[in-house]
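I have placed the structure first, in the form of structure tokens, so that the comments after it can refer back to it.
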Amino acid sequence: MADMVFLRHLSRWQAEQQREAFADLYVEAYGGGPGAEFHDRQDFLRRFADYVQHPGFDMMIASEAGAVVGCVCGFRTDRGDSSWPGHEDLTSAAGQVFTVVEVMVLPSHRRRRVATRLLEQLLTRAGAALATARVQRTNAPALAAYRSWGWTRAEGLEEPSEPYETWSHSHI
């Protein structure tokens with residue numbers, strides 16, 4: 001019998017305590033290959049330190065046989081919050097928005113609905129009417145995943161020169 005993948009919520013404190021494990025997960029899931037691991041890991045740790053400081057930070061993890069195999073995290077973006085370019089227009093129209101900032105699943109656990117289940121749980125917990133995510137324009141697998149989850153590209157929120165697109169999803 002295959003091991004079961006379990007989902008659970010982490011508090012901000014728990015997330016900070018396990019940041020090194022999430023950096024390892026990031027490198028294994030999305031690292032740029034030999035020689036890039038250190039830079040990829042350090043870049044992730046810098047971003048993660050910023051994420052957990054946002055009010056309304058929330059995180060869900062997936063584990064199997066005691067090992068973390070995936071995670072998703074984000075935070076609330078309120079009216080007037082200019083920390084995420086382009087989101088000011090969304091927050092003024094929708095009130096409160098939940099911004100998804102990381103979705104990570106080990107390659108061995110992809111196509112098993114792990115990311116889908118994590119994202120559904122996180123957005124249900126968040127309770128915001130609208131969710132957003134910034135996705136690299138060149139990340140075809142991530143763009144396909146958001147499309148398959150029913151998200152749509154939020155037109156006109158970013159400059160054409162930016163490497164990211166903003167995607168949104170009504171979650172009521």
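All figures in this text were calculated on a predicted structure; none of them were measured in a lab.
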As a quick check of understanding, evaluate salt bridge (charged side-chain N to carboxylate O under 4.0 Å, His left out) for R76 and D58, giving each step before the final call. CA-CA 9 Å; R76 288 184 175 276; D58 206 356; over 6 Å; no
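Nearest heavy-atom pair across G74 and L122 is N-CD2, 4.2 Å. Summarising the geometry of A29 relative to R110, their closest heavy-atom pair is O-NH2, 2.9 Å, with the distance given to 0.1 Å. Of all non-hydrogen atoms in Y51 and F57, the two that sit nearest each other are O-CD1, 3.4 Å.
Using a distance-only test at 3.5 Å, with no hydrogens or angles considered, a donor-acceptor pair links the side chain of S11 to the main chain of Q14. Remark: side-chain polar atoms of R117 are not paired, donor with acceptor, to backbone N or O of L7 under 3.5 angstrom.
R41 is listed as a side-chain neighbour of D24, based on a closest heavy-atom distance under 4.5 Å. In this structure, E102 and Y26 have side chains that are in contact, with non-hydrogen atoms separated by less than 4.5 Å. For the pair R125/F98, no side-chain contact is recorded, criterion being any heavy-atom separation below 4.5 Å from C-beta on. In this structure the side chain of L119 reaches within 4.5 angstrom of the side chain of W149, judged on heavy atoms.
For the salt bridge (Lys or Arg N to Asp or Glu O under 4.0 Å) criterion with E165, the lone passing option out of R134, R153, R147 is R153. Among Y146, W151, Y164, the one residue that satisfies the side chain to side chain contact (heavy atoms under 4.5 Å, CB included) test with V135 is Y146.
Note that OG of S63 is 6.5 Å distant from CZ of R8, once rounded to the nearest 0.5 Å.
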